[in-house]
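Working notes, structure below.
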Amino acid sequence: TAVAVNSTDERYTHLHGKTVLLPLTNREIPIIIDDVLVDPKFGTGVVKVTPAHDHNDYATGLRHNLPMINIFTETAHVNENGGKYQGLERFEARKKVLEDLTELGLLIETKPHKLALAISERTKVPVEPRLSPQWYVKIQPLADKAIAAVKEGKTTFVPETWTAVYMKWMEGIHDWCISRQLWWGHQIPAWFKVGADGKPDFESTPVVSRTKPPEGEWVQDPDVLDTWFSSGLWPFSTLGWPQKTEELKTFYPNSVMETGHDIIFFWVARMMMMGLHFMGEVPFRTVYLHAMVRDEKGDKMSKTKGNVIDPLDIILGAPAANLPGSIRNKYPQGLPAQGADALRFTLASLTQQGRDIKLSIDRIGGYRAFCNKIWNAARFAMMNLGDFTDDGSVFIKERSLSLADRWILSRLNRVTVATQAALTAYQFAEAASVLYQFLWGEFCDWYIELSKSALYGDDAHAKTSTRAVLVFVLDQVLRLLHPFMPFLTEEIWQKLPITRSVESIMIAPYPVEDARLHDAAAEAEMKPISQAIDGIRAIRGESNLSPALKIEAVIQSESQQVRESLDRWRSYVMPLTGLAKLSVTAMGVKPQQAAADIRSDMEIYVPLAGIVDLAEERERLKKEISKAEQEIAAINKKFENPRFVERAPPDVVEKDRARVIELTSRIEKLSENLRRIAPVEMRIAPPATGSVNLGDELRAEMSEASVSAGPDAQVTEALVQLRAGTKEGLTSRDHYDLGVAYMGMGLVDDAVREFNAAKDEVNTPNARPSVPSAPAKVKVKAPAKSKARAAVKAIKAPKKKAPAAAKKKVAVKAKAKKAVVKAKAKKAPVAAKKKKAVVKTKVKKAAPKKKGKR
RNA sequence: GGGCACAUAGCUCAGCGGUAGAGCACCGCCUUCACACGGCGGGGGUCGAAGGUUCGAAACCUUCUGUGCCCACCA
């Protein structure tokens, strides 16, 4: 249609205003000057212009008033405007054009050239831009109103980051083509005169009408409206518009529009424009844009990629064979059934504002376990309600309650407030998290455990109160949870044997804050109790004590309040920590041979020499000390910088100062305890090789052989008797032998005590010269080592006596045996346990035997 | 090509100026009378990289790298 050059291109200045002859059609076309279209540095600096078949050229055509010559039919064949190429398919036509140009000697060269080509998503062939009659909506006046409404805050976006997306699109908007050549949709209500071929004559002036115009031959435009044009009417067309119905009056404008951020342009923007135009008011006050679910790599799920997970496969489970390819590869075992509530709760938990969700099957599994946990907690409650059928609300306000009761009610109130706040702020993940933590971490882990003594006890009053609280909390928390887990909560709620005001949890009132439940005193009093329980549990856990083993604990505290609370609620502490005895005292003498847990306002001791592994306890203390030291170092680094004290807010500085003092005191206490249970280092001096640490060596052997006095009650008893009998009237030799025997049992600390006793005896005139004194050390000569070894061996193979001459061989054998045990232990834990059991039995026999020897 | 997000423990994610957290997975002890889809305890991170602001940065700013999404006639 034209040939364009850049005005600054001096090569072509002489051609300005002239025309050229199009060789293949002999049409005369103008040379135009267009600096927008033509880049003089690119190619020849001359470009052909086809306004009917290219977007840029179309704009150029408008600028220069060029004719729009369409050369394609709907099927991309050359039409009557294509001269001799008429009827050819587009790719054929291109080949022919090249051939003809070559033949005429007009083709100078061909060069490969990369360009962006629009490809049809459905048919995968290049799209040919082509002029055709379409309906457009003049958009600017509509957009202006839609922009103003958001700027004025009449409608807000949540998360607000999407406001910018909406604005950018609105501000750069262009007229909206609303006609579509599809098979279904709202047919455009426009009528054209019937043309010669029986089809609409698009050149005629259309009549817009719902019904056929009465006079003349008319045919309705076959096109349908863009689906978003129809959908844009949704906020009011669904409410009876254009009639002025009650529904329309009530629900327009609506409060919250909830949708995906991928259709802000398509739908939200159109609803805004349509609503403002037809109703004169925004369609909704808030637009909440939810996260989109992606696959595990963050890619959008699509059928083409084959990465779509059907929600039903997650809910109901699916064998691998039923899954699409890429999903099957990741889950070759298929998907386990997770349930609708677990899926829903997971989605809520992962819905963080402004982010998309990478769906994690594993995480759904975690919440499935949560569903199970709730179910079992409810089962526990119902099993223990007895004949209690009240909903508890009256009881909890009129009766005196236990500390645990008051505490959980206060926590419930906090959770109610937090859940409400989160929901109001559209923080669904936060709400889900709050409820999860409360239900599992507080209600199940603490309240249910604490309630057992009352429920299983004889105090009728306490029993009834606990039942009331149990059912009340459950009822309330189920309501709070209901939006996140509709099925499970309804099921349990219906099963609760309580009187209800409504027939479904769906319409039960959502819990609101109840200031009367708030109980700061109860929460404060629970603190030392949970601290004590945590501390004792930590000692047990770190020392791998069996839960069945009853232990004693001593708790010392400077705070009288703490002591009183612990004393009053010892029935909470003892069962949760498996205590046989709990002593609560003021600060004073520390129990000997005890594991310790030092807290800021209490010190917990578990005096169990021989049962708690003091070596491990020492490691634990060292670790705690090092942790505290590291923290002090980090804080001190701050203080070294003078500007920190100078410029940081006083409260921050003060907080750090206090923390240093607290940590220092903690380190002191921990170190003190470490000293108290420190083993005395023992050295033996074998003739040739120099000194060896017998304690370490034996300990290493012991642990390799898995010899343990263990938690066995009989063993414990035997040890107590043994120790009771070693206090007085023993010779140095006796102490020495006992030390060896203790070593043999792996009780290093007891052994050390005996060796030291032996050392004391040595200082008397009758002392055995083979046990010389050394400051804070016990030196034992080689024979002692062999005896110790023999003791070890006796434990391992008690019936065989090892002659002194054969000790080396035996030692080698024993080592080989140990290696076998070790290897077995790795592969077959059951076998290792059996081995251990055998060893234990021998210890039982060995201990009283020693006693008898005295 | 333009725009917007995101990058924190093996995985999925919180935290968003003042002592690095959760769930799952992992390790140890336990089939204790709601729950082994469980209980208790534990190990694991120079918070993508480099600069800058600050007394102090995982967090605020800049640049870079990587990943993803949206738009692509116009931003």
Side-chain angles (χ1 to χ4, degrees), chain A residues 54-59 116 118 129 159 161-162 164-165 167-175 261-265 292 294-300 336 338-339 342 346 349-350 352 354-384 429-430 433 436-437 440-441 444-445 448-449 451-452 456 533-534 536-549 575-578 616 620 623 627-628 630-632 634-635 637-649 651-653 655-656 659 663 711:
Chain A
D54 179 89
H55 300 295
N56 286 318
D57 290 5
Y58 178 75
T161 163
W162 296 113
V165 175
M167 281 298 187
K168 273 215 146 151
W169 187 81
M170 275 292 186
E171 282 161 4
I173 205 166
H174 50 279
D175 287 341
H261 60 73
D262 56 336
I263 51 177
I264 290 177
F265 311 137
M292 310 281 291
R294 311 280 179 196
D295 74 0
E296 72 277 3
K297 282 185 291 188
D299 290 359
K300 192 172 178 175
Q338 307 278 15
T346 307
S349 296
L350 291 174
Q352 203 49 32
R355 291 199 55 168
D356 287 341
I357 292 172
K358 275 189 270 177
L359 194 58
S360 155
I361 298 287
D362 290 342
R363 193 148 169 177
I364 304 173
Y367 291 123
R368 180 185 59 173
F370 180 48
C371 292
N372 193 54
K373 188 77 179 173
I374 299 166
W375 181 261
N376 279 303
R379 209 158 64 91
F380 170 83
M382 287 187 274
M383 282 169 64
N384 288 290
E430 173 67 13
S433 162
Y436 180 95
Q437 280 167 30
W440 203 322
C444 291
D445 288 351
I448 285 186
E449 293 309 319
S451 73
K452 283 177 183 173
Y456 301 155
I533 290 171
D534 283 343
I536 297 167
R537 279 176 172 174
I539 291 171
R540 293 194 81 117
E542 299 256 10
S543 300
N544 284 338
L545 295 185
S546 158
L549 178 68
L576 263 60
T577 49
E616 279 192 33
R620 199 170 76 83
K623 203 172 69 188
K627 225 173 172 178
Q630 273 173 27
E631 200 183 328
I632 284 192
I635 298 174
K637 213 171 153 193
K638 286 195 209 173
F639 280 112
E640 278 164 26
N641 182 349
R643 284 181 299 180
F644 170 62
V645 184
E646 216 169 279
R647 302 205 191 172
D651 59 313
V652 172
V653 177
K655 214 175 121 192
D656 277 346
R659 184 71 181 147
L663 284 168

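Because the structure is a prediction, the values reported are computed rather than measured. Naming: A, B, ... by sequence-line order, numbering from 1 per chain.
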A correct dot-bracket answer for RNA chain B, with pairs being Watson-Crick or G-U at under 3.5 Å, [ ] for crossing pairs and | for inter-strand pairs, is ((((((((.[[[[.)..(..]]]].(((((.......))))).....[[[[[..)....]]]]])))))))....

Report which part of the nucleic acid [X] touches: base, sugar-phosphate, or nothing (heavy-atom distance under 4.0 Å, all strands).
| X | result |
| --- | --- |
| A:Arg540 | nothing |
| A:Lys655 | nothing |
| A:Ala634 | nothing |
| A:Ile635 | nothing |
| A:Gly541 | sugar-phosphate |
| A:Tyr58 | nothing |
| A:Cys371 | nothing |
| A:Gln437 | nothing |
| A:Pro649 | base |
| A:Asn56 | nothing |
| A:Tyr367 | nothing |

From the list [options], which nucleotide is the closest neighbour of the side chain of [X]?
| X | options | answer |
| --- | --- | --- |
| A:Arg659 | B:A34, B:C29, B:U19 | B:U19 |
| A:Arg363 | B:C71, B:U12, B:C35 | B:U12 |
| A:His55 | B:G41, B:C73, B:C13 | B:C73 |
| A:Lys358 | B:U12, B:A34, B:U32 | B:U12 |
| A:Phe380 | B:G18, B:A34, B:C13 | B:A34 |

For A:Glu430, the salt bridge (Lys or Arg N to Asp or Glu O under 4.0 Å) test, sequence neighbours excluded, returns none

Side chain to side chain donor-acceptor pair (under 3.5 Å) against [X], all qualifying residues, sequence neighbours excluded:
| X | answer |
| --- | --- |
| A:Asp656 | A:Lys638 |
| A:Arg294 | A:Asp356 |
| A:Glu171 | none |
| A:Ser433 | A:Gln437 |

Closer than 4.0 Å, any side-chain N/O of [X] to the OP1 or OP2 of [N]?
| X | N | answer |
| --- | --- | --- |
| A:Tyr456 | B:A34 | yes |
| A:Lys300 | B:C70 | yes |
| A:Lys373 | B:G39 | yes |

Residues that [X] engages under side chain to side chain contact (heavy atoms under 4.5 Å, CB included), provided they are two or more places apart:
| X | answer |
| --- | --- |
| A:Ala648 | A:Phe644, A:Val653 |
| A:Asp534 | A:Trp446, A:Arg599 |
| A:Asn376 | A:Asn372, A:Arg379 |
| A:Ala429 | A:Gln352 |

From CD1 of A:Ile364 across to C1' of B:G23 the rounded distance in Å is 13 Å

Taken to the nearest whole Å, CZ/A:Arg368 to P/B:C35 is 18 Å

Quick test: give all pairs of protein nitrogen or oxygen and nucleotides 42-47 of chain B nitrogen or oxygen below 3.5 Å, distance rounded to 0.1 Å.
unit_1: B:G43; atom_1: OP1; unit_2: A:Lys623; atom_2: NZ; d: 3.1

Atom pairs, N/O to N/O, protein against nucleotides 1-4 of chain B, distance under 3.5 Å?
none

